[in-house]
Amino acid sequence: MSTSYGESELAEVPVRLAVESDRLGDVTATTSPFDAVETETDGGTLSDGAARAADSTTITLWNKWTESAELLEPGMELLVTDAEEDEFRGEQRYATTGDSYVVVAPSFHVNVTAIRNWVECPRLYYLNKLSGVPLNYPVVKGTLVHEVFGDLLRGRDLEESIDARVEERGLELGLLGETADAVAEDVRENAKAIEGWLEQGRLTEEERATAADNSERAFTPAESSWRSEQLLISETFGIRGRADAIRRGAPVELKTGKNLKKEPRFKDKVQAACYALLLEEHGGDVDTGTLLYTKNSALDRNEETGDLTPAKEFSMGDGLLKFVVRLRNELAAMEVAGDVPTGYEGSAKCEYCFEQDTCMVVSGRLDQESKAGQIGQALPAEEREYFERFSRAIEAERRAVHREFAKLWEQDARERADDDRALIDLAFVESTELAEGRWELRARRPGGATSKLREGDLVLASDGHPVRGSAELARIERLDEDELVLTADEPVEVTRLDVYPSELTTDRLLAALHDALLKGDERRKDVLFDRAEPAFEPLEETFIPNNDAQDEAVRKAVGADDCALIHGPPGTGKTYTIARAIRAMVERGERVLLSAFTNRAVDNALEALLDQLEGEIGEDSVASPAQRNGDGEAVDVVRVGSESGVREDMQPYRLDRAGEPGERAATLQNAQVVAATTATCGSRVMKEQRFDAALVDEAAQLTEPGTHAAINLADWFVLVGDHEQLPPVVQSEGRTRRVSSGANGDEPRAADLTESLFERLVDLYPGAGVMLTKQYRMNQRIQAFASQEFYDGELRPATGDVAGRTLDDLSGVTRDDLPTELRGAVTFVDVDGDGSRYTDSEEAARIAEMVEEFRAAGLSPADIGVIAPFRAQVSELSKHVPAEVAVDTVDRFQGSSQEVIIVSFTATDSLEGPIFDDYRRINVALTRPKRALVLVGDANALATDPVYSRMLEWARR
DNA sequence: GCTCTGCGCAGAGGA
């Protein structure tokens with residue numbers, strides 16, 4: 001339209017106002033679901049919907065912000081800063097002003113590097129996201145130079161820093177075939193440029209003069225208003241990122257490359273501008289940015305200015321900052337809508353792009369629209385459908401991570417603490433500077449506070465608010481009952497810790513999916529997509545003489561050409577079977593990967609393997625990384641994982657990443673058995689490894705992409721699990737499924753992430769599977785219901801001893817000392833319950849009495865486990881029973897067992913809720929005990945469901 | 001409505 005300033009474009013966006021923002025003049029709104037569609041079709045006029053809500057209004061976006069208006073889809077969030085408010089026909093309306101920013105989907109947090117990739121080409125951004133960055137030298141070197149730069153800013157000595165940083169990356173460098181000396185020299189060259197420039201900069205600063213006058217020593221860079229590697233999060237702009245350095249409030253970005261042009265590269269400017277926006281929100285007023293190109297040396301004079309320095313300063317105008325926000329809007333809108341970029345969104349020319357070939361191949365194989373065009377033949381339809389289905393599911397997981405992130409400010413401290421996502425009300429004790437210039441922070445925690453935070457986790461440590469207050473990304477070094485110790489780049493007077501949500505796992509899942517389909521072996525895909533039956537090499541050998549099913553399982557695992565599936569119900573010795581199979585493979589000279597979803601499962605399986613090797617082959621038959629002697633006598637076993645993830649007794653086998661490169665790499669590459677979680681299998685280092693076989697334990701707890709991360713690394717795979725126990729936990733969709741014996745197969749099956757590859761293949765290829773049926777855990781009476789209900793009656797006690805186990809077998813225990821109702825192997829105790837939703841104090845009190853009764857009969861509290869469906873009831877129960885009693889949720893009890901198990905159903909009157917819908921959960925709960933099971937709950941509630949009702953009948957028999 | 005484990009975070013560079 002025409003205005004007094006000339007022609008202007010505008011877009012009127014019908015919205016529903018959200019809660020007013022804290023900042024004056026900012027408007028947060030959601031685009032109206034119906035009106036927005038109409039505006040699109042009738043060219044910008046606001047239609048007056050009949051059912052207009054009271055909070056409906058219009059926001060007018062002027063000029064270039066109309067570009068962002070085009071991205072909006074019904075229901076998307078929109079934030080306008082410094083909006084103008086006026087009244088029109090009795091209605092408050094809003095419009096952008098010259099100072100306004102328009103932010104689309106502000107709660108979706110875009111990484112700064114994502115924006116940097118996007119500005120180069122949206123399709124390039126997508127390709128990077130899809131395949132991940134492989135292990136290569138330029139990238140590792142770049143990271144090293146950045147680390148050394150950070151160290152210099154924190155006042156660390158150059159040579160000391162280089163040595164330490166190179167050593168830390170020994171494993172990666174070794175896998176790349178680099179030597180420590182060569183890398184150190186390479187890093188030194190780059191770092192010299194920085195150091196020289198830093199020195200020069202320091203001399204010009206006033207502080208330098210003052211320092212020289214007042215003291216013997218020079219100020220460290222940090223004291224001269226520098227700071228390094230700050231994580232910045234913007235609530236307003238929906239951006240997060242870590243600035244290499246900030247000098248007098250302005251961003252400094254380091255690039256380990258050469259740039260002899262007058263101007264910094266555009267994408268580098270965009271990156272710096274992102275940090276400027278972040279700094280602005282944190283109270284800064286930024287108009288310049290600096291880029292440091294470390295390969296620019298004195299020999300390469302700047303072509304125009306003749307500069308010798310590697311630094312390029314540039315001014316950042318309003319226009320650049322707003323352009324960056326519009327870029328970010330494009331990316332966020334695409335992510336929120338779940339679309340795939342084509343490349344047409346940007347202006348890059350494909351002919352100049354050196355990823356052009358990859359881009360065309362990926363587009364061709366996945367049949368995706370692409371500016372570069374397609375090359376080669378598309379994947380078969382079922383593979384493309386699979387890719388789409390799973391990538392959509394992974395992206396939904398990614399959005400769930402982003403929602404978690406947005407909660408950092410959407411929830412207040414108390415809510416987050418109640419959600420176990422934060423530790424609050426900490427008492428700050430002290431911060432101490434460490435030798436490397438980092439800081440150690442100490443605080444006391446109030447007694448009894450729980451959270452999901454654990455040692456080794458990355459957290460946001462703040463003095464009150466993780467985003468608005470002063471906050472640092474910190475690592476939890478120690479988390480004791482009453483005290484905690486953190487390390488961080490800068491000191492913070494920490495009073496609160498928040499979980500820092502990460503996209504790392506979703507990134508790795510997506511890359512695993514990509515690798516399975518685009519890099520995967522054709523024969524493997526034939527099996528995965530039901531185009532070829534798994535093949536087996538027939539073996540005559542007997543591996544486990546006293547258990548036919550286990551023996552058959554080992555033969556299948558060892559003889560598999562493609563895959564073998566071992567179905568192991570509770571207590572059937574699946575971990576032992578895996579260990580036996582691995583031993584057989586190692587004896588055949590094969591290299592084996594041992595994996596599982598959780599660290600706990602990996603360590604359990606590894607422990608069984610070590611027992612197997614040492615017990616059967618003899619002492620000294622296993623070599624941990626430290627004991628390796630390379631003489632081939634002992635089996636080299638390596639556990640890959642973080643220090644905090646690996647169990648204490650498995651630490652000797654853990655591969656340290658730091659050390660002499662060649663030696664580190666050899667330790668990993670020569671290991672015959674490598675054990676790691678599936679997430680670690682998706683890491684850059686593990687992706688460089690190849691194995692003959694991959695054995696995945698607890699495979700029913702894994703999503704299909706999660707399973708691929710492990711099995712992509714091996715020629716054939718063995719999945720071991722039980723799909724009648726709990727499935728993978730997925731944040732994005734609350735899918736549940738009713739499972740019961742046989743007949744009840746009419747319920748819609750969950751697709752995507754909640755069905756494991758294990759389960760799908762078991763259904764697809766019954767011949768490739770073996771079910772273990774002898775259980776070594778439960779008294780016959782205990783196992784009867786689960787066997788009938790979940791395993792078609794096939795689960796049986798392995799021996800008469802197992803079948804006849806009772807509490808009397810335990811030393812010092814006399815069943816006759818127990819009240820009559822607790823003497824049986826299975827009992828039901830009817831408690832009406834207090835009617836609350838997720839807790840039940842009556843059940844808790846009754847269970848506390850029982851624990852006392854068991855104790856009085858001679859049972860050790862350490863032999864008793866209490867299981868509840870809800871965490872709230874778990875903490876209620878913990879208050880009532882002695883600390884030695886293991887109290888936990890069903891989900892967390894999976895994989896372990898106890899002599900006595902008491903189950904607290906925590907349901908009064910009805911059985912509403914997804915927790916009871918999934919019958920696999922009761923299967924887990926009922927199959928944990930060896931000798932006695934006590935069910936405590938409201939019989940009326942349990943009787944409302946057919947499965948629970950049958951359970952009642954069995955328990956009362 | 002509920003269960004909840006992983007992961008060197010985000011970003012390193014190439015032409």
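By convention in this document, chain letters (A, B, ...) are assigned in the order of the sequence lines, proteins followed by strands, and residues within each chain are numbered from 1.
Across all strands, A:E253 comes closer than 4.0 Å only to sugar-phosphate atoms, never to a base (heavy-atom distances). Using a 4.0 Å heavy-atom criterion, one finds that A:F354 contacts the bases of the nucleic acid, with or without backbone contacts as well. Base contact: A:R657 has a heavy atom under 4.0 Å from a base atom. If you check every strand for non-hydrogen atoms under 4.0 Å, A:K141 touches nothing. A:R508 comes within contact range of the sugar-phosphate backbone alone, with a heavy-atom separation under 4.0 Å but no base atom that close.
Atoms CG (A:D419) and P (B:dT3) sit 10 Å apart, rounded to a whole Å. Summarising the geometry, the separation between CD on A:E397 and C1' on B:dC7 is reported as 14 Å, rounded to the nearest angstrom. Distance CZ (A:R116) to P (B:dG13): 7 Å, rounded to an integer number of Å.
Note that SG of A:C121 and CD of A:E355 are 10.0 Å apart. Values are rounded to the nearest 0.5 Å.
Residue A:Y838 has no polar side-chain atom (N or O) positioned under 4.0 Å from OP1 or OP2 of B:dT3. Put simply, A:R475 has no side-chain N or O that comes within less than 4.0 Å of OP1 or OP2 on B:dC9. Within the structure, every side-chain polar atom (N or O) of A:N117 is placed at least 4.0 Å from both OP1 and OP2 of B:dG11. Put simply, A:T505 has no side-chain N or O that comes within less than 4.0 Å of OP1 or OP2 on B:dC7. For B:dC4, the OP1/OP2 oxygens have a side-chain nitrogen or oxygen of A:T889 closer than 4.0 Å. Between A:R892 and the phosphate of B:dC4, there is a side-chain N or O to OP1/OP2 separation shorter than 4.0 Å.
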Symbol by symbol from the 5' end, with Watson-Crick or G-U pairs under 3.5 Å, [ ] crossing and | another strand, DNA chain B is ...............
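Residues A:F870 and A:T889 have side chains not in contact (no heavy-atom distance under 4.5 Å, counting atoms from C-beta outward). With contacts defined as side-chain heavy-atom distances shorter than 4.5 Å, the pair A:Y500/A:L231 qualifies.
For the segment residues 677-689 of chain A, residues with any heavy atom less than 4.0 angstrom from an atom of DNA chain B are, sorted by number, A:T677, A:A679, A:T680, A:R684. Contacts between residues 264-278 of chain A and DNA chain B, counted as heavy-atom distances below 4.0 Å, involve A:K267, A:Q271, A:Y275.
Closest contact between the side chain of A:E120 and the listed nucleotides B:dT5, B:dG11, B:dA15 involves B:dA15.
Salt-bridge annotation for A:D507 and A:K129: absent, with no side-chain N of the basic residue lying under 4.0 Å from a carboxylate O of the acidic one.
Taking for each of A:V640 and A:R421 the nucleotide of DNA chain B with the nearest heavy atom, the 5'-most of the two is the partner of A:R421.
Cation-pi geometry between A:R240 and A:F405 is satisfied (NZ or CZ under 6.0 Å from the ring centre, within 45° of the ring normal).
Judged as a side chain to side chain contact (heavy atoms under 4.5 Å, CB included), and not counting sequence neighbours, the contacts of A:D186 are A:Y137, A:K141, A:N190. Checked against side-chain hydrogen bond (donor to acceptor under 3.5 Å, both in side chains), A:T680 has the following partners two or more places apart in sequence or in another chain: A:T677. Qualifying side-chain hydrogen bond (donor to acceptor under 3.5 Å, both in side chains) partners for A:D457, counting only residues two or more places apart in sequence or in other chains: none.
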